[in-house]
Amino acid sequence: MKIATWNVNSLKARQDHLLRWLKEFTPDVVLLQELKGAEDSFPFMEINAAGYEAAVVGQKTYNGVAILSKTPIVVTQRRLPGEEEDEQARYIEGIVQGGSQSVRVGCLYLPNGNPAPGDKYDYKIRWMRRLYAHARELLKTDEAFVLGGDYNVIPEASDVYDPSKWTRDALFLPESRNALRCIVNLGLTDAFAALHPGGGRYSWWDYRAGSWDRDEGCRIDHLLLSPQAADRLTASGIDKTPRGWDKPSDHTPVWCELKCGVN
DNA sequence: ATGGTGGCGGTGCCA
C-alpha cells in the first residue's frame, strides 16, 4: 500500500491539484495538512467520488488535517493527547485496512514555532514532547503504524539547501532537531531517509525568491514508521510533480510503500 | 534587499 503525506496549503485553493494527483499517483492512504477550513467546508462528495473515504479535523482559517483512504477509516484520535486546552486542529489518527493487515496512521501538522524564542516556539517544543509521549504509548502495542505529516523540522544540515541561513529558524534550531531525534530514537524509521541517504532532497520550497526554480528547499515532511511498519517498507520517495503545477502548494507529497504480506 | 510570495478575509496574521 502507498501512503503519502502532503501539506496542501488550503484545500479550497488546492482541490483541483489534490484530485488530479490522486488520479495520477493513486495512493492508498493520504495524510493532508493545512486544510485551512472547517469540517463543513470539506469536499466529501468530490473525495468520495474519487474513490476515497475521508476523516477530517478542520479549523477555520488555520491548520486542519485529514486522512484519506481507499478503505474505511476507524478514527482513534482527533487531538494529540497531553494538553486538553490545545484547540488547534493539528492531529488526527485512525486505523486503515491494508491488504490482509491493518495499519494505524497518525496525521500531524507540527507547529512552525517561529519566531524563536517566544511563545510559539515554546508551544512547538511542548507539542513535540506530547508527540514523543504518544509515540511511546503506540510503540507498546507492537503494531504497524505510520506517524506522518508536516513536522516543520529539518532533521540534518544536508536536508536544507543552505543551513547557514537557517541557524536561528525554529525549523532548524538544535532544540527542535533534538526533539525530533528523540522521537526517532524511540525506534522509528524515517521512510525517506532510510532509503535515500545523502540529503539534498526537499519537500518544501519557499514561494519567494525563485526557490523552486533554484531547487533551494528543505525536507520537513516526514513519514516515521514503527518497527513493524519498517519491516514492510519497500520504497519511498518525494513526488515533485504537483509542486511544478500552476498555483501550487509550497509543499509536495512524500510517500512510502508498505508491502501487504506478513513480514 | 531588514526584502520577497501566498492564503485567508477583507486587516493583519501566519507560514
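Every chain is numbered from 1, with letters handed out A, B, ... down the list of sequences. Values reported hereafter were calculated over all heavy atoms of this structure, with side chains retained and with hydrogens, waters and symmetry mates removed.
Taking Ile, Leu, Val, Met, Phe, Trp and Tyr as hydrophobic and joining them when side-chain heavy atoms fall under 4.5 Å apart, one finds A:V96 in a cluster with A:M1, A:I3, A:V29, A:L31, A:V57, A:V65, A:I67, A:I73, A:V75, A:I92, A:V103, A:V105, A:Y109, A:V146, A:F192, A:L195, A:L223, A:L225, A:L233, A:I238, A:V254, A:L258. With a 4.5 Å cut-off between side-chain heavy atoms of Ile, Leu, Val, Met, Phe, Trp and Tyr, the cluster of A:W212 takes in A:I154, A:V160, A:Y161, A:W166, A:L171, A:F172, A:Y202, A:W204, A:W205, A:I220.
Annotation: A:W21 is in aromatic contact with A:W6 [ring centroid separation under 6.0 Å].
Per the geometry, CG belonging to A:L35 stands 14 Å off C1' belonging to B:dC8, to the nearest Å. Rounded to a whole Å, the NE2 atom of A:H251 is 15 Å from the P atom of B:dG6. When the P atom of B:dC8 is taken as reference, atom CG of A:N63 falls 14 Å away, rounded to whole Å. The nearest whole Å value for the distance from the CZ atom in A:R208 to the P atom in B:dT2 is 14 Å. In this structure, A:K36 places its NZ atom 4 Å from C1' of B:dG7, rounding to the nearest Å. As a whole-Å value, the separation of A:N114 CG from B:dA15 P is 8 Å.
For A:A54, the side chain to side chain contact (heavy atoms under 4.5 Å, CB included) partners two or more places apart in sequence, or in a different chain, are A:F42, A:F44, A:I47, A:V56, A:L68. Residues that satisfy the side chain to side chain contact (heavy atoms under 4.5 Å, CB included) test with A:N9, not counting sequence neighbours, are A:N7, A:R14, A:E34, A:K36, A:Y207, A:S249, A:D250. With sequence neighbours left out, A:E156 forms a salt bridge (charged side-chain N to carboxylate O under 4.0 Å, His left out) with A:R177.
Here A:R14 reaches the OP1 or OP2 of B:dG7: one of its side-chain N or O atoms lies under 4.0 Å away. A close approach under 4.0 Å does occur between a side-chain nitrogen or oxygen of A:K120 and OP1 or OP2 of B:dC14.
In the model, A:Q101 has a side-chain atom that pairs as donor or acceptor with a side-chain atom of A:R232 under 3.5 Å.
Listed nucleotides B:dC14, B:dC8, B:dA15 differ in distance to A:S10; the shortest reach to its side chain belongs to B:dC8. Of the listed nucleotides (B:dG6, B:dA15, B:dG7), B:dA15 has the atom at the smallest distance from the side chain of A:E34.
The gap from the C1' atom of B:dA15 to that of B:dG4 amounts to 13 Å, rounded to the nearest Å.
DNA chain B is contacted by no residue of residues 17-25 of chain A, taking any non-hydrogen atom closer than 4.0 Å.
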